[in-house]
Structures are given as structure tokens and as C-alpha cells.
Amino acid sequence: MASPGASLKRFGLPAGLILLALLFPFINEVLGANLMFPVIVVAVYVMLALGLNIVVGFAGLLDLGFVAFYALGAYVVGWFASTHFSGVNFSFLSALPTSGSLPGIHVSFWVLLLAAGAFAAFWGVIIGAPTLRLRGDYLAIVTLGFGEIIPRFFVNGDDIFGYNLTNGTVGIKGIDSPGIPFVPSRGWQQFGTLDLNPWYYTILVLVLVTVFVNIRLRDSRLGRAWIAVREDETAAAAMGVNLVTTKLWAYALGATFGGFAGAFYGAFIKSIFPTSFSFNVSVLILCMVVLGGMGNIYGVILGAIILQGTNFYLLPQINIWVHDIGTALSSPFLANVDIPKYNYFLFGAILVAMMLLRPEGIIPNRQRQEELREGDEDDSATEITGAT
Amino acid sequence: MPPEAVDGTPKILEARGITKVFGGLVAVNSVNFAIPERAIISLIGPNGAGKTTFFNMVSGLYKPTSGSFVFGGTDVTRLGAHQRARLGIGRTFQNIRLFGTMSALDNVLAGMHTRLKSGVLGSILRTPGVRREEEEARERALELLRFVGLRSRETFAKNLPYGDQRRLEIARALASEPKLLLLDEPTAGMNPQETARLTQLIGRLRDERGISILLIEHEMRVVMSISDRVTVLDHGEKISEGSPVEVREDPRVIEAYLGTARTG
């Protein structure tokens with residue numbers, strides 16, 4: 001039986017964190033901290049990082065193009081919950097009061113959320129299929145290619161044989177708010193821009209579902225097959241693991257969460273542009289996974305919070321402070337320096353430091369730690385066999 | 001078991017004219033070969049004779065250049081490794097290939113992959129069926145670890161002592177419930193006591209579980225003591241086949257191992 005300490009760690013800590021997350025909007029209100037917006041954006045990245053963790057952390061497939069699924073999810077919402085297709089007039093379970101008279105397609109966000117996940121999963125399989133025979137560096141390069149193709153497609157998709165599918169660099173604007181079907185949009189049901197609580201609780205539920213699915217998958221038959229494939233493809237195949245379906249499941253399930261995150265983000269931000277889905281985002285998500293600890297669910301969440309928190313909240317905040325100091329000291333340099341501009345410099349430095357000091361991540365996966373410390377372990381293993 | 005009895009029993013595997021060419025090198029040259037049910041067949045030969053290549057073709061990791069494999073009445077020549085594992089061909093590797101950072105128990109559970117049915121949705125929801133299957137799988141895995149004489153369950157495979165790693169590989173292969181088990185130098189690097197225990201274990205696999213075994217082995221004491229039949233490969237060709245005693249006294253085998261005798 002598990003000791004009280006172990007069960008506290010197993011149930012107590014998650015329960016405490018969930019309680020804290022549930023109460024966060026009240027805490028934020030009481031403190032007047034105004035943190036809702038950055039926290040929601042960070043939560044979107046937690047979801048993305050957990051999705052990528054399935055591909056990179058569990059199945060060991062290095063994916064440098066994960067942003068593609070985020071973009072696909074966002075564009076599903078952009079296409080089917082806005083006035084973009086103005087030639088069509090279609091509405092399905094939409095909560096918009098004027099949906100009947102508005103041009104364009106207006107499908108309920110909740111339907112689109114599922115559709116975005118499925119659409120991303122479909123593309124996960126399509127993109128995954130050609131990479132099945134590749135390993136390591138080669139796999140990374142091909143996924144990098146796909147990660148570049150998809151934003152390019154959205155940039156140039158405003159003129160596909162004369163048809164405007166993506167509205168190019170202008171992007172899609174005026175995306176519908178979620179709302180609740182059949183319920184008049186009043187109060188929180190509006191998912192407005194002033195009251196962010198409904199958005200917060202929506203993404204919180206999505207993150208919790210993602211964490212739950214991650215944990216269940218990790219401990220399943222498929223999860224074992226992923227680790228087996230990551231460890232030794234040949235041996236896994238000889239044990240009866242179908243490499244093709246095992247890898248495609250990883251791509252599809254990882255992409256699903258990318259699609260969910262994209263759909264939420266599209267509805268939340270209300271305007272999507274191809275530039276929001278550049279290669280940098282793929283790298284950032286990968287950094288979150290690596291920084292936190294590949295394969296470790298808590299580590300990945302922490303990695304996402306640290307990196308996106310720094311990016312989205314800490315750096316702008318420091319910028320304001322530095323500007324204040326600069327003004328007080330009448331130093332033109334400090335008063336005008338643009339600190340958020342240096343975010344990738346900072347991330348680069350953090351990563352280099354991490355790789356040198358703690359390559360297994362902040363909260364390492366027990367297995368990954370062993371893999372990275374392989375050199376030391378091999379020495380001790382030799383000693384043992386030498387002794388027998 | 002006398003050779004007549006072996007010849008009378010039905011065959012679990014038949015290899016017909018198996019040839020494998022790597023570039024210009026003929027690694028295995030039109031080998032005909034059969035493994036009867038419930039028998040231990042040893043494949044011996046000097047280094048580079050093509051034994052492991054032949055093994056890799058039986059387990060489906062390599063495709064033969066020509067020839068065919070019939071396993072349990074089915075032509076499996078075109079099937080991949082995982083499909084053959086599902087049909088009942090299990091194996092171990094000469095250079096141990098465990099899933100190093102999985103626990104001993106998880107290695108065995110991973111070996112059980114084809115015998116479990118849990119789907120993705122079922123695993124996420126952890127339905128009663130999935131829960132029961134996982135519990136039963138765990139029980140069977142523990143039983144297999146006991147069968148091969150391994151006490152560590154939670155230790156990472158790579159941290160196990162060498163002999164235990166060899167035994168764990170056998171447990172993992174047994175988890176896939178093979179009808180034919182391929183063992184590639186299972187006693188390599190073991191001390192005499194460990195070798196004796198493993199030899200006994202291999203015998204029990206045949207006698208208690210009815211598994212046919214194809215064994216590559218350099219330790220002649222092992223080969224001679226437990227094999228029903230021995231096949232000798234040299235330069236990719238089958239040069240001798242028969243009971244251990246017949247093979248041991250075959251001049252061609254002696255020549256292959258020791259070179260041509262100059263003096264009587």
C-alpha cells in the first residue's frame with residue numbers, strides 16, 4: 001500500500017492545485033492583480049505544450065512543426081464562426097442573437113471546438129504518415145518543413161485560383177464569441193471582453209481534460225508502446241508493436257490538443273493572422289516541453305507557465321518598471337529600452353543554462369533522467385557485471 | 001527425444017530456399033530448414049556464418065532476397081515483424097535490446113502488447129474491461145518474472161545485472177505468448193552456474209509450455225545437452241543437420257570450425 005506521503009503527493013497536491021485554479025479569479029479580484037488575460041494565454045500554451053509532450057515526450061518523435069495544428073484549430077473557428085464566407089448564410093446552434101440575419105457561417109463554438117480537434121488530428125495523421133520511416137534529425141527537418149508550409153498556406157490562401165479561403169495576411173477578424181446555444185446572451189453567457197471568467201473556466205476545463213487524458217494515456221497499453229518505440233523501435237516491432245499505428249496515434253492525439261488550443265485561442269482573441277503561427281511558436285512550445293522535463297506532465301505544465309508567463313507578463317511588467325526607473329533617473333536608454341524584444345535572447349540563455357546544468361528539465365521524467373544520465377549509469381552497470 | 005519422433009511431428013516453421021544478399025555478399029544461401037513442434041533446434045556455425053541474419057529473417061526484421069517462410073501453415077514471408085509476433089514468433093537479441101528505462105515489469109507488459117486489446121478511448125476512460133485486462137496482464141507479467149527467476153520488478157531494465165537482463169528478455173519474449181521462440185546466444189556472457197540455470201529454463205519452456213525453440217548458441221555444452229536437432233551454417237550455407245551426436249562427428253562441421261586437417 002502507498003504510504004500517506006505518497007498518497008498526499010498523488011492526490012493532495014493535484015487537488016490543492018485544482019482548488020487554487022478554481023479560486024484564482026476571486027483571488028485575482030481581491031488582489032486587484034488584473035492577471036486574468038495573461039493567465040488565460042498561458043493556459044492556452046499549457047495545453048499546447050501538453051499536446052506536444054505526447055509526441056515528443058512520450059513517443060520520442062521530435063516535432064518542430066507543432067504550430068501547424070494550433071493554426072488549423074484557430075482557422076476552423078475563424079472560418080465557421082465569422083462573416084468570412086460572406087457568400088453563405090448558415091447558422092448552427094449559434095448563440096449570436098442576430099445569427100439568422102448575419103452573413104457567413106456561424107456554428108456554435110462548442111461544436112467547432114470538437115471539430116477543430118478532429119480536423120487537427122486528421123492533419124496530424126496526414127503530416128505524420130510521410131515521416132514514419134524517419135528518425136531523429138531527419139524527422140525534425142521534415143516536421144519543420146510542414147510547420148512552415150501551413151502558415152505559408154494561410155498567407156497565400158487568399159487567392160486559390162481566385163478563391164479567397166484564408167484572407168491572407170489580413171487574417172480573419174470578428175470571430176464569434178462562444179455563448180450558450182438556446183440561451184439568450186446576457187451576463188457571463190456572452191463571453192465578453194470585460195468579464196473574462198467564462199473564458200478562464202473554459203480553458204481551465206480544457207487544460208484539466210488534457211492533463212487527465214495525458215495521464216491516462218501514459219499509463220495505458222498505448223503509452224507503454226510509445227515508450228517502447230522511443231527506446232528501441234526494432235525491439236518494439238519484434239514484440240508485436242505496430243510502429244505505424246503507434247506513431248500515428250501519437251501524432252493524431254498530440255495534434256488534437258493543438259487543435260483544441262487553437263480553437264479556443266481563435267475565439268478568445270477574435271482575430272487570427274498567419275503571423276501568429278510562425279516557426280517561433282513551434283520552438284517556444286518545444287522549449288516549454290524540454291525546459292519543464294520531457295515526458296513529465298507536471299514539468300511540462302511548469303515549463304509552459306514559466307516561458308509563456310515570462311513572455312506575456314513578466315517581460316512587459318519589467319519593461320514598465322525599467323521605464324519608470326529610467327524616467328526617474330532621466331536616463332533615455334532605460335526610459336526607452338524595449339525589454340520584451342529580447343525575449344528570445346532570454347529564452348536562448350535559459351535553455352543553454354538548462355542544458356548544461358539540468359538537461360532532464362525542471363521536473364524530470366524518471367525515465368528521461370535515466371536516459372540523459374546514461375554515461376554515469378553505464379559505468380556502474382559495468383562495475384556490477386564485473387563483480388559477478 | 002529421438003530424431004524419428006521429431007521427424008514425425010508437424011512442423012511449426014518451414015524455411016524454403018531462403019537467400020539473403022547484402023550488396024554483393026551472400027549472407028544466407030538457399031537454406032531449407034524446418035522446425036518441428038515442441039522441439040529445440042540449435043543453429044550453430046562459425047562467426048559470420050549467417051546465423052543472426054537467418055534469425056532476423058525468421059522474426060521479420062529482414063526480408064529474404066528469395067525464398068519463403070511458412071509458419072503454422074501460413075505463408076509469413078511478406079509479413080512484418082509485429083505481424084509475425086502476433087502470429088506467435090517471439091525472440092530475444094544477441095546484444096540485449098530491452099526497453100532500458102522501463103521497469104522490469106513494464107518491459108514484460110510491453111511484450112504483452114499484441115495479446116492485449118485495450119483501445120485508446122477505453123484507456124482514457126479506463127472502462128471496467130480495460131481495468132480488468134490491465135490487472136490480469138500485471139498478474140501474468142509477475143508470473144513470468146517469477147518463471148524466469150527474476151525478483152526485481154520496479155528496477156529499470158538497464159540497471160539490472162547482466163544475467164537478469166538476459167532472463168528479462170526471455171520473460172518479455174514469453175509475454176507475447178510465442179509458439180516459436182528464437183533465442184540468440186542467450187547464455188553469452190554468463191558464468192557456468194547462470195548458464196546451467198538458463199539451459200534448464202529453456203528445457204522447461206519446451207516441456208512445460210510446449211514452445212518450439214530455435215537457438216543460436218556458441219556454448220557447445222548447452223547445444224549438445226538440450227537440442228533435439230542441430231543445424232550447422234557456414235558461409236551462409238547449411239553444411240550439416242542432424243542429432244547433436246551426428247553433427248558433432250560430421251567431418252564437414254569439424255572442418256568448418258577447425259579448418260582442414262593436414263595430418264590424420
Side-chain angles (χ1 to χ4, degrees), chain A residues 54 60 121 209-210 212-246 248-250 252-253 256 295 364-374 376-378 380-388, chain B residues 56 59-61 80-87 89-93 96-103 106-107 109-120 122-126 130 133-134 137 156-165 169 172-173 175-178 182 189-191 194:
Chain A
I54 293 178
V209 168
T210 312
F212 178 78
V213 172
N214 256 262
I215 292 173
R216 282 287 167 90
L217 286 173
R218 182 194 63 193
D219 299 336
S220 72
R221 171 176 177 258
L222 182 61
R224 284 193 296 266
W226 281 336
I227 298 169
V229 168
R230 188 183 81 197
E231 290 271 315
D232 189 332
E233 280 194 10
T234 307
M239 293 309 123
V241 174
N242 184 335
L243 299 180
V244 172
T245 50
T246 303
L248 287 182
W249 268 118
L253 290 166
T256 305
N365 176 324
R366 198 166 75 112
Q367 295 171 326
R368 280 290 189 180
Q369 190 168 20
E370 289 284 328
E371 276 168 38
L372 286 159
R373 302 281 176 193
E374 205 140 65
D376 317 342
E377 292 295 333
D378 280 351
S380 59
T382 335
E383 277 165 32
I384 293 164
T385 39
T388 44
Chain B
N56 285 338
S59 60
L61 296 179
H82 73 273
Q83 291 162 308
R84 295 193 198 187
R86 184 164 303 159
L87 286 174
I89 301 181
R91 72 166 292 171
T92 65
F93 294 87
I96 300 172
R97 299 184 82 153
L98 287 164
F99 306 125
T101 64
M102 286 171 104
S103 69
D106 278 346
N107 264 276
L109 285 171
M112 232 171 255
H113 188 82
T114 58
R115 302 297 164 222
L116 303 178
K117 290 183 216 57
S118 303
V120 175
S123 298
I124 292 170
L125 301 174
R126 203 168 279 171
V130 169
E133 187 184 77
E134 282 289 306
F156 277 148
K158 58 182 289 192
N159 295 341
L160 288 171
Y162 188 80
D164 284 356
Q165 292 194 6
E169 256 213 332
R172 184 181 67 173
S176 68
E177 295 169 20
L182 314 177
M190 283 188 172
N191 63 34
E194 286 178 320

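A, B, ... follow the sequence lines: proteins, then strands. Residue 1 opens every chain. Note that the coordinates shown come from a computational prediction; the quantities given were computed from them, not determined experimentally.
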Engineer: Any idea which of S176(B), G60(B), A137(B), S118(B) has the most non-hydrogen atom pairs under 4.5 angstrom with chain A?
Structural biologist: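 Counting heavy-atom pairs under 4.5 Å, the top option is S118(B).
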Engineer: When you compare the side chain of D219(A) with that of E134(B), does any pair of heavy atoms fall below 4.5 Å?
Structural biologist: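 E134(B) vs D219(A): side chains apart.
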Engineer: About how many Å separate CZ of R218(A) and OG of S123(B), when rounded to the nearest 0.5 Å?
Structural biologist: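 Atom-to-atom, S123(B):OG and R218(A):CZ are 13.5 Å apart.
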Engineer: Can you tell me how far the CE atom of M239(A) sits from the CD atom of E169(B), to the nearest 0.5 Å?
Structural biologist: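 Here the interatomic distance stands at 6.5 Å.
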Engineer: Work out which heavy atom in H113(B) is nearest to a heavy atom in A225(A); give both atom names and the distance.
Structural biologist: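 Closest heavy-atom pair between H113(B) and A225(A): CE1-CB, 3.5 Å.
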Engineer: Less than 4.5 Å apart, any side-chain heavy atom of M102(B) and any of R224(A)?
Structural biologist: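 Yes, their side chains come closer than 4.5 Å.
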Engineer: Looking at G240(A) and R86(B), what are the two nearest heavy atoms and their distance?
Structural biologist: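 Minimum heavy-atom separation between G240(A) and R86(B): O-NH2, 4.2 Å.
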Engineer: Among A238(A), A228(A), A236(A), S220(A), who wins on heavy-atom pairs under 4.5 Å with chain B?
Structural biologist: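 Counting heavy-atom pairs under 4.5 Å, the top option is A228(A).
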Engineer: Return the option, out of L217(A), L253(A), T234(A), with the maximum number of heavy-atom pairs under 4.5 Å with chain B.
Structural biologist: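 Most pairs with chain B among the choices: T234(A).
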Engineer: Pick one of side chain, backbone, both or neither for L61(B), based on which atoms fall under 4.5 Å of a heavy atom in chain A.
Structural biologist: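 Side chain only.
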Engineer: Which pair of heavy atoms, one from I124(B) and one from F212(A), lies closest together, and at what distance?
Structural biologist: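 Closest heavy-atom pair between I124(B) and F212(A): O-CE2, 3.6 Å.
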Engineer: Side chains of R230(A) and T101(B): does their closest heavy-atom pair fall under 4.5 Å?
Structural biologist: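 In short, these two side chains touch, coming nearer than 4.5 Å.
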Engineer: Identify which part of I215(A) has an atom lying under 4.5 Å from any heavy atom of chain B, answering side chain, backbone, both or neither.
Structural biologist: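 Answer is neither: I215(A) stays 4.5 Å or more from chain B.
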Engineer: Once you round to the nearest 0.5 Å, how far does CZ of R221(A) lie from NZ of K117(B)?
Structural biologist: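 Answer rounded to 0.5 Å: 9.0 Å.
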Engineer: If you compare all heavy atoms of H82(B) against all heavy atoms of V241(A), which two are closest, and at what distance to 0.1 Å?
Structural biologist: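 Closest approach of H82(B) to V241(A): CB-O, 3.3 Å.
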Engineer: Using a cut-off of under 4.5 Å for heavy-atom pairs, which of L87(B), L182(B), L116(B) has the most such pairs with chain A?
Structural biologist: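 Most heavy-atom pairs under 4.5 Å with chain A: L116(B).
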Engineer: Identify which part of L125(B) has an atom lying under 4.5 Å from any heavy atom of chain A, answering side chain, backbone, both or neither.
Structural biologist: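 Backbone only.
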Engineer: Heavy-atom distance under 4.5 Å between the side chains of N242(A) and T114(B), does that happen here?
Structural biologist: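 With C-beta onward as the side chain, the pair stays apart.
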Engineer: Between R172(B) and chain A, which part of the residue has a heavy atom less than 4.5 Å away: side chain, backbone, both or neither?
Structural biologist: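 Looking at R172(B), backbone and side chain both touch chain A.
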Engineer: Show the nearest heavy-atom pair for residues F99(B) and A235(A), with the distance to one decimal.
Structural biologist: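 Scanning both residues, the minimum pair turns out to be CE2-CB, 3.8 Å.
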